[in-house]
Protein chains: 2
Amino acid sequence: MTKRAHNFCAGPAALPTAVLEKAQAEMLNWQDRGVSVMEMSHRHASFMELAAQCEANLRELMQIPANYKVIFMQGGATAQFSLLPMNLLAGKTQADYIDTGIWSTKAIKAMAPYGSANIIASSQTGEYLTVPQQHELNISPDSAFVHYCPNETIGGLAFDYIPDTGDVPLIADMSSVILSEPIDVSKFAMIYAGAQKNIGPAGITLLIVRDDLLGKSRFDTPPIFDYQKQWENDSMLNTPPTYSWYLASLVFEWLLANGGLEAMAKVNHAKAAALYAAIDNSQLYSNKVNKANRSIMNVTFTLADEALNSTFLQEAEANDLLNLKGHRSVGGMRASIYNAVPMESIQALISFMQDFEARYWNK
Amino acid sequence: MTKRAHNFCAGPAALPTAVLEKAQAEMLNWQDRGVSVMEMSHRHASFMELAAQCEANLRELMQIPANYKVIFMQGGATAQFSLLPMNLLAGKTQADYIDTGIWSTKAIKAMAPYGSANIIASSQTGEYLTVPQQHELNISPDSAFVHYCPNETIGGLAFDYIPDTGDVPLIADMSSVILSEPIDVSKFAMIYAGAQKNIGPAGITLLIVRDDLLGKSRFDTPPIFDYQKQWENDSMLNTPPTYSWYLASLVFEWLLANGGLEAMAKVNHAKAAALYAAIDNSQLYSNKVNKANRSIMNVTFTLADEALNSTFLQEAEANDLLNLKGHRSVGGMRASIYNAVPMESIQALISFMQDFEARYWNK
């Protein structure tokens with residue numbers, strides 16, 4: 001039996017063991033062709049079939065309407081929010097942004113060279129513990145789009161509603177929440193997500209774009225960064241990251257075989273509820289996020305005595321509970337509990353936390 | 001024994017079997033940590049060590065001088081030649097380009113939104129069968145750089161010398177020739193290469209940049225596309241494609257363990273010589289490239305009767321000789337014989353070609 005740790009990494013994150021076992025089995029000899037899938041031409045019929053089936057499976061999982069295109073690119077969410085203004089300003093000079101934390105802020109900064117980023121609402125006044133409400137969203141009809149991050153990976157702060165932005169296209173960075181539960185894709189103009197949480201390994205990025213948003217790029221947008229051009233070329237304008245694509249296809253198959261997003265949602269909510277309950281019931285650990293806005297994917301918590309942080313992390317790693325350190329910008333702890341993290345890992349973490357508290361705090 | 005075909009794909013290309021076996025063995029449990037390397041945080045000390053060792057090994061292999069930075073990015077060569085003008089024009093309005101085929105031409109087109117691309121010399125008049133000579137290169141001192149492609153993957157056309165561009169920085173797209181033999185890095189201002197030929201799987205891109213070229217980007221260059229910013233952040237400005245990086249590190253280890261680039265050069269020249277000799281000695285196959293400019297990595301050939309093409313490819317695939325179809329833009333055949341393609345694959349191809357010729361041509 002191969003050793004598998006409990007992995008709470010925020011990304012690159014845990015992948016389903018069954019997916020890795022399949023990838024391992026066919027690493028040198030895919031489809032009995034005598035080559036690894038990563039050694040196969042992306043133009044070969046066998047890989048084109050893989051790509052087509054991958055899209056079909058994703059469309060089934062997310063119930064993506066026909067007027068949305070599925071595009072794979074490179075560069076993660078950071079490349080994407082940098083490319084949004086190039087692709088979507090379409091002659092306008094401003095866009096609206098909702099600020100709920102570090103990833104929202106990065107997207108806001110990326111707008112600077114191209115136009116005005118209006119911060120129409122911010123969680124800053126609430127110390128990033130709650131999200132702005134719908135009635136606070138003062139959207140300008142002159143804005144090219146409204147951008148937000150439904151789940152802030154670093155702060156563990158999540159929207160409990162989908163903003164209604166009327167006729168202004170709503171763009172969501174769903175990197176850390178995509179595929180965690182069913183969503184109504186038709187409420188969005190565009191969804192994008194780096195793969196390295198719930199999709200696959202780092203190095204491939206998913207875009208789901210409503211077709212009326214295509215073909216509006218600035219004149220100086222390189223074709224490789226142009227949504228329309230990538231779609232016209234089936235995301236193969238140049239050599240795509242085929243192995244990452246293949247692993248994403250295995251993850252989608254795994255999701256379908258395990259009940260799809262309804263089943264994932266059920267487990268994910270149970271996992272998060274168990275972990276937040278353990279935190280709330282302790283004297284040592286705390287999470288101050290407004291309960292309705294607590295992320296089901298990224299559970300942050302602090303220790304009442306920060307001097308215990310390094311001991312906590314060392315002992316956790318010694319117990320095969322990995323990557324619990326909070327992001328360097330906020331400190332504390334973070335357990336990212338994406339689809340591939342099973343309930344037994346949550347239970348192992350809770351047991352460790354309780355034992356640690358008993359030994360170091362409630363002595 | 002795992003089945004391994006003879007794989008002549010131009011990219012994503014064959015990888016060394018030993019590299020894939022190592023990756024397979026530690027797919028689910030890397031360094032006995034109970035996680036795949038693709039599930040590990042790129043900020044974890046274990047991955048940072050991998051990245052540092054990877055760079056050290058590459059520096060040893062290529063004898064990279066200390067005043068050159070090694071940077072890993074995403075997007076392949078296509079992203080890079082699109083980003084060159086953003087990063088390197090530095091207030092100038094033009095750059096010089098040598099045209100030797102399809103990849104050169106793509107780079108030339110990518111310059112258009114930013115300034116003038118002067119085609120200072122072209123192989124077009126020679127039907128892309130020879131490269132321009134040094135005395136034909138009319139380099140302007142007002143040009144920000146000179147760009148060329150030392151080995152045209154599609155045409156199988158290679159430079160037999162390194163252009164002397166004086167004080168104007170020389171930029172080379174070495175995607176399909178890097179690591180195939182020793183080169184003098186100090187003759188270049190910048191080298192870039194998509195990984196999917198001699199480095200690793202598609203999805204990671206290598207840049208070797210002389211330090212005086214850094215910090216000159218246009219004001220509107222997104223940080224993720226800015227060489228200086230990527231270097232400052234150790235190529236981890238955002239989550240890098242960690243698994244591709246890991247595989248590249250295994251390839252560099254394999255190269256060092258197998259005698260480095262001198263040993264590769266010896267085998268590569270022998271492989272190419274054997275295959276070109278078989279072509280030249282046949283009645284059915286031909287290659288018209290000027291002998292001094294024949295690529296040692298991408299061997300193109302046509303059949304005297306094009307009606308035999310599909311039979312040739314079908315029979316080749318049935319004999320586990322894969323991906324021999326020439327690029328769709330030029331037709332014919334192409335055998336890409338990168339470092340990971342062993343001499344025995346060349347011998348198998350030659351045997352098949354001779355047998356095919358005996359049966360269909362010299363009957």
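To find a chain, count down the sequence lines: A is the first, B the second, and so on, and within it residues start at 1. Everything numeric here is computed off the predicted structure, so don't read it as measured data.
Between chain A and the residues B/Ala77, B/Ala112, B/Ala13, the largest count of heavy-atom pairs under 4.5 Å involves B/Ala13. Interface remark: of the candidates B/Gln196, B/His42, B/Met40, B/Met40 forms the most heavy-atom pairs closer than 4.5 Å to chain A. By number of non-hydrogen pairs under 4.5 angstrom with chain A, the leading residue of B/Leu20, B/Leu237, B/Leu28, B/Thr78 is B/Leu28. Interface remark: of the candidates B/Ala10, B/Gly11, B/Gly203, B/Gly203 forms the most heavy-atom pairs closer than 4.5 Å to chain A. In terms of non-hydrogen atom pairs under 4.5 Å with chain A, the most contact-rich of B/Met27, B/His6, B/Arg4 is B/Arg4. Heavy-atom pairs under 4.5 Å with chain B were tallied for A/Ala340, A/Gly76, A/Ala79; the largest tally goes to A/Ala79. Contact count against chain A (heavy-atom pairs under 4.5 Å) is highest for B/Val35 among B/Leu322, B/Val35, B/Thr17.
The CE atom of A/Met38 sits 6.5 Å away from atom CG of B/Leu15, with the distance rounded to the nearest 0.5 Å. Taking CG of B/Asn7 as the reference point, atom OG of A/Ser41 lies at 9.5 Å (rounded to 0.5 Å). Interatomic distance, A/Asp226 CG to B/Ser82 OG, rounded to the nearest 0.5 Å: 11.0 Å. Interatomic distance, A/Asn323 CG to B/Arg33 CZ, rounded to the nearest 0.5 Å: 9.5 Å.
The minimum heavy-atom distance between A/Asp32 and B/Lys3, with the atom names listed, is O-NZ, 2.7 Å. Of all heavy-atom pairs between A/Pro113 and B/Phe219, the closest is O-CE1, 4.2 Å. For the pair B/Asn238 and A/Gly75, the tightest heavy-atom approach, listed with the atom from each and the gap, is ND2-O, 2.9 Å. Closest of all the heavy-atom pairs between A/His44 and B/Glu317 is NE2-OE2, 3.4 Å.
Heavy atoms of B/Gln24 lying under 4.5 Å from chain A belong to its backbone as well as its side chain. Only the side chain of B/Arg218 comes within less than 4.5 Å of a heavy atom of chain A; its backbone N, CA, C and O stay farther away. Using a 4.5 Å cut-off between heavy atoms, B/Ala25 contacts chain A through its backbone alone, with no side-chain atom that close. With a 4.5 Å cut-off on non-hydrogen atoms, B/Ile224 touches chain A through its side chain but not through its backbone. For B/Thr221, no part sits under 4.5 Å from any heavy atom of chain A, backbone or side chain. For B/Met86, the part lying under 4.5 angstrom from a heavy atom of chain A is the side chain only. For B/Pro223, no part sits under 4.5 Å from any heavy atom of chain A, backbone or side chain. Of the two parts of B/Ala110, neither the backbone nor the side chain holds a non-hydrogen atom closer than 4.5 Å to a non-hydrogen atom of chain A. Only the side chain of B/Phe225 has a heavy atom closer than 4.5 Å to any heavy atom of chain A.
Looking at A/Pro12 and B/Thr239, their side chains come closer than 4.5 Å, going by heavy atoms from C-beta outward. In this structure the side chain of B/Tyr243 never reaches within 4.5 angstrom of the side chain of A/Pro241, judged on heavy atoms.
B/Asp320 places no side-chain N or O within donor-acceptor distance of the main-chain N or O of A/Gly34, the cut-off being under 3.5 Å.
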Pair B/Arg328-A/Arg43, side-chain contact (heavy atoms from CB on, under 4.5 Å): steps then yes or no
CA-CA 10 Å; B/Arg328 61 199 185 288; A/Arg43 309 260 179 218; 3.3 Å; yes

